[in-house]
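Everything on this sheet refers to the single structure shown next.
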Amino acid sequence: MRYPICVKRLIELRARLGRTKETLANFTPFLGPRRAGLLLALFLLLVETGMSLAQPWPLALTLDYVLSDRKQLPGFWPESLSGEALLLAGVAFLLVSITAASRGLSAFRRYLLQKLGQETVFDMREALYSRVHDLGLDYHGKRRTGDTITRVTSDVKEVRTLLVDSIVEIGSSVFILLGMLVVMVWMSPQLTLLALLSVPFLFLAVRRYRSALVERMRVVRTKEGAIASVIQEAVTGIRAVKIFGREDDELERFRTESEESLRASVDSSLIEAKFSILLGLVGGVGTALVLYFAALQVLSGALSVGQLTVFIAYLGLFLSPLWALSRQANQIGKSLVSGERIIELLGAEPSVKEAPDARQAPLFEGRVTFEGVHFAYEDEASEVLKGMDFDVEAGSRVALVGLSGAGKTTVTSLIARLYDPQEGRVFIDGQDIKDFTLKSLRDSITFVPQEPMLFRATVAENIGYGKAGATREEIEHAAGLAGADGFIRELPEGYDSLLSERGESLSGGQRQRISIARAMLRESPILILDEPQAGLDAEAADAVEESWRALTEGRTTFVIAHELRLVRSVDRILVLEDGRVAQDGSHEELLASEGLYARLYALQERDRVQP
């Protein structure tokens, strides 16, 4: 159906207002705890508005009753201050009082709003950061890390501007406009109508530039997220960047993203500059018209010079709130872009959810069973697991072997419910793992990754990360079991030595043993080791092997291994192929069967003996 242009614009306006209202509604819970502070700020704003309206009147009193021949004082002025000197002193005192009160109220209101705004930012960031941790690996795998960081940091600041600064400035502008309109109509209805002629042109200017500005800011926010991702990826992989000499390429990636952000930012600044010029032109023409006709009224005796001064002052104040409203319309447009990005993150639902009646996991013995498990990643068409079935006894050590992409990591991820299978079930001790809360389930599982995850913290803090509230004795005992106590004590400050980010100041074997000590501390019944000796030399690998064999004692252990000689002593080997368990047995049994395991082992042995 075709609509007239005016109807289309009304429909568009209604849709924009609806989106704005919906966006704001998502953030009102963050303002709820600060309702009392916001009401106090509103009250201060009302008083401040009254002070602003009173500011031009001392000058008017001076012009009309001190510097002119009019001697009939206004009714509110005390007779005791009727002398010129006393009148002038009284006017000066009134001016100082109004200015001081206005400034004081304004300063306190700004402090109060800054405090409320920062508290709102704190709560929003906490909620976003919590949501980041709630969301599953499937969500984070599809999004750039830098973009998520930008939403939690700079986008929150933009929304804070919307919720506190913009709304308060709009409220202030509306109150001042209403107050001045009342006084201006009382002084001269004709001049007030003349002043209002510029209002439609101001709102036309807002409509003209707002949509273009919002679109540019949407590009800017997206590109800022991309820039953060480029920086994060380059800094995280700085070793690879330097090894392969790709500094210039990384700089070019950064420059490409930055240039697109720069163009969008410059475009938005140009739009705002044009908008400001147009506002100034409209305001200047409106003021000139009012001044011309007001001067004629002064000459005719309809207005006094003081009243003319007040009216012109009010006109300037009248245009300022209109300009402020126009600016805030643009600012709100920019903030809404950030608001939409935050709402998208807050509204994202984790793919792995707890059941409403989920209970705490008991102290498991560690028997793990897969029953007809089918799984496919969201962005992949084919299934990774196609009816996976196996049953692992508690306390046994099991190696997961297979070609790359066979599903070894997927199996361990499903045990910890990092993902949920599309079909089939996973059991621990005969109980469906979906019956347990996620935290209690994952507290029962320890994961030692191929690349140890160490933080910029002391050695003791890195080991203690495995168990909340671990004592120093527990930390040192775990390090001793992992074979790490010796080299830790040789560090400059021992267990209190501060590690560099990702533990780059340590060797690969040392990092792995600290990671194993962290796992030792957890004492969980189920353990997952991902290539525990990958990338280590023979001496370091032997030391780590002793550590992880001590770690696996009495625990149900899954070892992901490509280096098959490392898993010869495990209790059982599951060979994965085509999404299923193709072979199941001990090292000797699988070698004798001449299947996939025997072929892979023979290839590795042949490569090892070749010069």
Side-chain angles (χ1 to χ4, degrees), residues 368-377 380-393 395-415 419 421 423-424 426 447-451 508-509 512 526-542 544-549 551-552 555-611:
V368 178
T369 305
F370 271 51
E371 188 178 274
V373 172
H374 290 256
F375 179 80
Y377 291 100
E380 295 182 7
S382 60
E383 288 186 326
V384 179
L385 304 183
K386 305 173 183 178
M388 178 73 69
D389 290 291
F390 63 78
D391 187 15
V392 172
E393 292 297 326
S396 59
R397 294 185 295 185
V398 178
L400 300 177
V401 173
L403 300 173
S404 295
K408 301 182 292 295
T409 301
T410 302
V411 168
T412 58
S413 297
L414 293 177
I415 294 172
Y419 300 95
E423 293 182 40
V426 180
F447 181 71
V448 180
Q450 178 177 340
E451 181 64 31
Q512 191 67 282
I526 299 174
L527 176 67
I528 297 170
L529 299 174
D530 187 0
E531 296 286 353
Q533 296 166 294
L536 304 181
D537 56 41
E539 183 178 355
D542 288 342
V544 168
E545 184 172 1
E546 292 179 11
S547 299
W548 74 258
R549 290 192 188 285
L551 172 63
T552 60
R555 306 189 192 195
T556 304
T557 304
F558 291 86
V559 182
I560 298 175
H562 289 93
E563 190 72 25
L564 300 186
R565 65 184 180 85
L566 304 178
V567 298
R568 289 177 294 189
S569 61
V570 299
D571 303 316
R572 184 177 171 191
I573 299 173
L574 300 179
V575 182
L576 308 186
E577 185 179 20
D578 195 27
R580 296 180 177 85
V581 177
Q583 292 180 283
D584 181 356
S586 66
H587 172 72
E588 291 75 15
E589 291 171 343
L590 294 179
L591 283 182
S593 67
E594 298 184 355
L596 175 61
Y597 181 85
R599 293 197 302 273
L600 292 175
Y601 188 82
L603 286 172
Q604 291 185 6
E605 288 299 307
R606 186 186 65 187
D607 292 340
R608 188 173 294 111
V609 299
Q610 285 181 350

* Roughly how far, to the nearest 0.5 Å, is CG of Leu400 from CG of Leu574? -> 6.0 Å

* Asked: Under 3.5 Å, is there a donor-acceptor pair between the side chain of Lys408 and the main chain of Leu576?
  -> no

* **Verdict with supporting geometry, His587 and Tyr597, side-chain contact (heavy atoms from CB on, under 4.5 Å)** => CA-CA 9 Å; His587 172 72; Tyr597 181 85; 2.7 Å; yes

* Asked: Can you list the steps and then say if Asp530 with Thr412 is a side-chain contact (heavy atoms from CB on, under 4.5 Å)?
  -> CA-CA 9 Å; Asp530 187 0; Thr412 58; over 6 Å; no

* Is there a side-chain contact between Leu414 and Leu385, using heavy atoms and a 4.5 Å cut-off? -> yes

* Asked: OG1 of Thr369 to CG of Asp391: how many Å apart, nearest 0.5 Å?
  -> 3.5 Å

* To do: Would you check if Leu403 and Glu577 make a side-chain contact, meaning some heavy-atom pair closer than 4.5 Å?
  => no

* Write down the atom of Val411, the atom of Met388, and the distance for their closest heavy-atom approach. => CG2-CE, 4.2 Å

* Asked: Using 30° and 60° as the class limits, which term best fits the ring planes of Phe390 and Phe370: parallel, tilted or perpendicular?
  -> parallel

* Asked: Is Asp389 close to Val581 at the side-chain level, that is, under 4.5 Å between some pair of heavy atoms?
  -> no

* **Test item: Ser396 side-chain N/O and Thr556 main-chain N/O as donor-acceptor pair under 3.5 Å** => no

* **N/O donor-acceptor pair under 3.5 Å between Asp571 side chain and Arg397 backbone** => yes

* Asked: Which value, rounded to the nearest 0.5 Å, describes the distance between Glu371 atom CD and Glu423 atom CD?
  -> 12.5 Å

* Might you point out which heavy atoms bring Gln583 and Leu590 nearest each other, and give the distance in Å? => CB-CD2, 3.7 Å

* Asked: Rounded to the nearest 0.5 Å, how far apart are CG of Leu596 and CG of Asp578?
  -> 11.5 Å

* Evaluate the criterion side-chain contact (heavy atoms from CB on, under 4.5 Å) for residue pair Val384 and Tyr377; output intermediate values, then yes/no. => CA-CA 8 Å; Val384 179; Tyr377 291 100; 3.6 Å; yes

